[in-house]
*Asks:* 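Take this structure first; my questions come after.
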Amino acid sequence: MPRWPSGEGCSVADARSAGPSFLCGPFEHAMPKPIREVLTNEALTGATVTVAGWVRTFRNDRFIALNDGSTIHNLQLVLDPEGTPRELVDRITTSAAVKATGELVPSPASGQRVELQVKELIVLGDSDGETYPIQPKKHSLEFLREQAHLRFRTNTFGAVFRIRHQVSFGIHEYFHDNGFFYFHSPIITASDAEGAGEMFRVTTLEDTKGTDPSEDFFERVTNLTVSGQLEAELGATALGRVYTFGPTFRAENSNTARHLAEFWMIEPEIAFADLKDDMDLAEGLCKHLIRRVLEQSADDLAFLDKRYADEEKQKPEAQRSSMGLIERLRFVADNPFERITYTEAIRILQDSKPYKKKKFQFPVEWGRDLQSEHERYLVEKHFNKPVIVTGYPAAIKAFYMRMNGPGDLGHSDQGPTVAAMDVLFPGIGEIIGGSQREERLEQLKERMAAMDIPEKELWWYLDTRKFGTVPHAGFGLGLERFVQFVTGMGNIRDVIPFPRTPGSAEF
RNA sequence: UCCUCAGUAGCUCAGCUGGUUAGAGCAUCUGACUGUUAAUCAGAGGGUCGCUGGUUCAAGUCCAGCCUGAGGAGCCA
């Protein structure tokens, strides 16, 4: 069994003092060093090092570009031309898994600081060049989507999923550091009253048609969750600050580059907080995550930045982004988000050129929801930065959002509004949707009645308003949409390992 | 679900107003070379032109239906 270099014996200093024969065990069992460490730790130069990974390219029967996923960069392995048997050389093919031990030496050629002079090498897993689908060349994202099980072996997807990790980890970090508790809302839920979209039915029945739900496993109708928010509110009204972070399921027949049937959502919920606190939290989280990725994933971002620039070059000039990927991340991290009310947004849109030239496909008038084209104009043309829109008309928002009164943020004399807030990002659209929740029992019941939501189904939710209710607020952040923004990937299916979309659940 | 576009070698594509045996680059394989950077050079193999039906002397090319994918829209995160 491999030994992890956590205890005695495997430190860099030990490796150096032990000389070239040092290994954490016999060669076959030696724990390989991550290539990320091999390439960056200058103290390793001159040491004997074991690495393992997958062959990216093999040049001249002598040079292996080896990648182990720990970094986007490859380690060059150099074989001894005389001392390597032909049978072994023939097995070093694209994506073969190999393990090698040798001396890490400064590289005489340009292209890499160090390289590994191989003393010992084994092929752990062969890879047949004739049938391995991913070649050392540029592939289309569409093709790689069909090879989703192998696409992680490409630079692009390696970078994307390392960054996805950094974002996920950063979410826990940010909330933990700010006194939040990670709250696990259920995946299987019984309430279908949330109105967040079509749901996937969960059942053990062979056929649900004509069968009484009481005969089912849970003795009632159950579905996969579309949101952990209502449960998070229960947590927040006791623990103070909580967040959920888990998979979410929507059975909508959505076929777009920004919708998935299974996606990951982050839903913080804070007690004793109003809409402004909510906005501050949302903006703070976004900025923290961007800064973290800029710091922790500089190499991957540099690669994606170049990729993004190449993609932009393909577009007609009018559609090109005004900023590069990294440039825009820095800009968003360093500048305050624009905060406007829905009523102001309508006014800006009605004063806009596209409105006056009748370029908008959908009407702009108070009471109607903002369409994608309107959000795009606000974010990408008018403000050219993230925008938080508050105070939407009550009629187009969910029942749990707090009804605004005179003096409340976003209140309008044009009609009733609620304390909602949507964070709109360039290129992505709505990345966060949140609100201050209706904490007043009577108002909440009124809204539920108006929207035909039976109180019976949400008795537990209403209880929080009966017993020690407090102002509270929260939001939902779509993880994949955020990762899209950070990586510059145009299609949401390319930022989740195994995308689920209508008609597609391979892998 | 709606609108638009696309489907030709493993991949990316060319194939004109229908007309001999369907092409290129890359990849793969074989050989050469051996300090290379997606190495280079030479050669070889590789096709149900998405599927079904129709029009025609003749269909990769025209028509219809279906399937799959992409872009946009709606729903939303």
Side-chain angles (χ1 to χ4, degrees), chain A residues 55-65 67 73-82 84 89-90 93-95 105 107-112 115 117 127-147 154-155 194-198 226-229 247-267 282 315 319 361-362 369-376 396-398 422-425 428-434 475-485 490-496 501-504 506:
Chain A
V55 175
R56 282 292 174 80
T57 60
F58 185 37
R59 290 181 294 270
N60 235 342
D61 285 356
R62 188 163 181 198
F63 302 98
I64 300 172
N67 190 279
H73 300 299
N74 302 325
L75 175 66
Q76 172 154 288
L77 310 186
V78 185
L79 301 179
D80 172 6
E82 267 85 62
T84 315
V89 169
D90 285 344
T93 56
T94 303
S95 229
V105 298
S107 180
S110 63
Q112 58 278 316
E115 62 187 23
Q117 287 287 349
S127 174
D128 177 23
E130 296 211 45
T131 50
Y132 179 66
I134 296 175
Q135 289 136 19
K137 56 168 281 190
K138 195 162 194 163
H139 282 294
S140 67
L141 295 175
E142 290 84 358
F143 171 72
L144 290 170
R145 233 167 267 155
E146 292 168 7
Q147 310 293 332
T154 64
N155 284 333
E194 293 165 35
E198 293 295 310
V226 292
S227 163
Q229 180 204 312
T248 305
F249 308 87
R250 306 257 168 106
E252 299 287 349
N253 193 5
S254 300
N255 291 288
T256 80
R258 55 186 190 287
H259 285 90
L260 291 165
E262 175 184 291
F263 64 99
W264 287 65
M265 191 154 62
I266 297 96
E267 295 177 292
K315 293 184 189 169
Q319 287 173 31
Q361 204 190 324
F362 291 91
D369 207 355
L370 301 178
Q371 302 293 317
S372 283
E373 58 179 355
H374 306 143
E375 296 180 350
R376 281 220 151 126
I396 58 171
K397 287 290 182 183
D422 283 359
V423 181
L424 311 177
F425 263 40
I428 311 286
E430 184 179 346
I431 205 163
I432 284 176
F475 61 80
L477 166 69
L479 176 69
E480 284 78 15
R481 288 192 183 170
F482 194 85
V483 176
Q484 265 190 285
F485 176 74
N491 193 311
I492 199 165
R493 292 161 205 171
D494 296 327
V495 299
I496 188 167
T501 53
S504 175
E506 193 72 49

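Since this is a predicted model, take the numbers as computed values, not measurements. Naming convention: chains lettered A, B, ... in sequence-line order (proteins, then strands); numbering from 1 in each chain.
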*Asks:* Can you pull every protein N or O that's under 3.5 Å from an N or O on nucleotides 48-50 of chain B?
*Replies:*
none

*Asks:* Identify each atom pair where a protein N or O and an N or O of nucleotides 71-74 of chain B are less than 3.5 Å apart, giving names and distance.
*Replies:*
| unit_1 | atom_1 | unit_2 | atom_2 | d |
| --- | --- | --- | --- | --- |
| B:G71 | OP1 | A:N491 | ND2 | 3.4 |
| B:G71 | OP2 | A:N491 | ND2 | 3.2 |
| B:A73 | N6 | A:N255 | O | 3.2 |
| B:G74 | OP1 | A:Q371 | OE1 | 2.7 |
| B:G74 | OP1 | A:S372 | N | 3.3 |
| B:G74 | OP2 | A:S372 | OG | 2.9 |
| B:G74 | N2 | A:N253 | O | 3.1 |

*Asks:* For A:F143 and A:T57, find the nucleotide of RNA chain B closest to each by heavy atoms; which residue's nucleotide sits nearer the 5' end?
*Replies:* A:F143
*Asks:* Base, sugar-phosphate, or nothing for A:I432, non-hydrogen atoms under 4.0 angstrom?
*Replies:* sugar-phosphate
*Asks:* Please give, in whole Å, the distance from B:C41 C1' to A:N60 CG?
*Replies:* 12 Å
*Asks:* Below the 4.0 Å mark, does B:U36 have OP1 or OP2 next to a side-chain nitrogen or oxygen of A:R59?
*Replies:* no
*Asks:* What does the B/S/- profile of nucleotides 25-30 of chain B look like, 5' to 3', with a 4.0 Å heavy-atom cutoff to protein?
*Replies:* BBSSS-
*Asks:* Check whether any side-chain heavy atom of A:I428 lies under 4.5 Å from a side-chain heavy atom of A:R258, and answer yes or no.
*Replies:* no
*Asks:* For A:E115, answer base if it contacts any base atom (sugar-phosphate contacts may also be present), sugar-phosphate if it contacts only those atoms, and nothing otherwise; contact means non-hydrogen atoms under 4.0 Å.
*Replies:* base
*Asks:* Any idea which heavy atoms bring A:T93 and A:S127 closest together, and the distance?
*Replies:* OG1-O, 2.5 Å
*Asks:* Pairs counted only when both distances fall under 3.5 Å, Watson-Crick or G-U: show me the 5' to 3' dot-bracket for RNA chain B, [ ] for pseudoknotted crossings and | for other-strand partners.
*Replies:* (((((((..((((.....[...)))).(((((.......))))).....(((((..]....))))))))))))....
*Asks:* Under 5.5 Å between ring centres and under 30° between planes: true for A:F263 and the base of B:A77?
*Replies:* yes
*Asks:* Which residues pass the side chain to side chain contact (heavy atoms under 4.5 Å, CB included) test with A:T57, sequence neighbours left out?
*Replies:* A:R59, A:A65, A:P136
*Asks:* Do you know which two heavy atoms are closest between A:I492 and A:Q484, and how far apart they sit?
*Replies:* N-NE2, 3.4 Å
*Asks:* Within the structure shown, what part of the strands sits under 4.0 Å from A:P108 by heavy-atom distance: base, sugar-phosphate, or nothing?
*Replies:* base
*Asks:* Could you label the plane-to-plane angle of the A:F482 and A:F425 rings as parallel, tilted or perpendicular, counting under 30° as parallel and over 60° as perpendicular?
*Replies:* tilted
*Asks:* Does any donor-acceptor pair link the side chain of A:R62 with the base of B:C33 at a separation under 3.5 Å?
*Replies:* no
*Asks:* Tell me yes or no: between the side chains of A:S95 and A:Y132, is some donor less than 3.5 Å from an acceptor?
*Replies:* yes
*Asks:* What does A:Q117 touch in the nucleic acid at a heavy-atom separation under 4.0 angstrom: a base, only the sugar-phosphate, or nothing?
*Replies:* base
*Asks:* If the condition is ring-ring contact (aromatic ring centres under 6.0 Å, His included), which residues does A:F362 pass it with, not counting sequence neighbours?
*Replies:* none
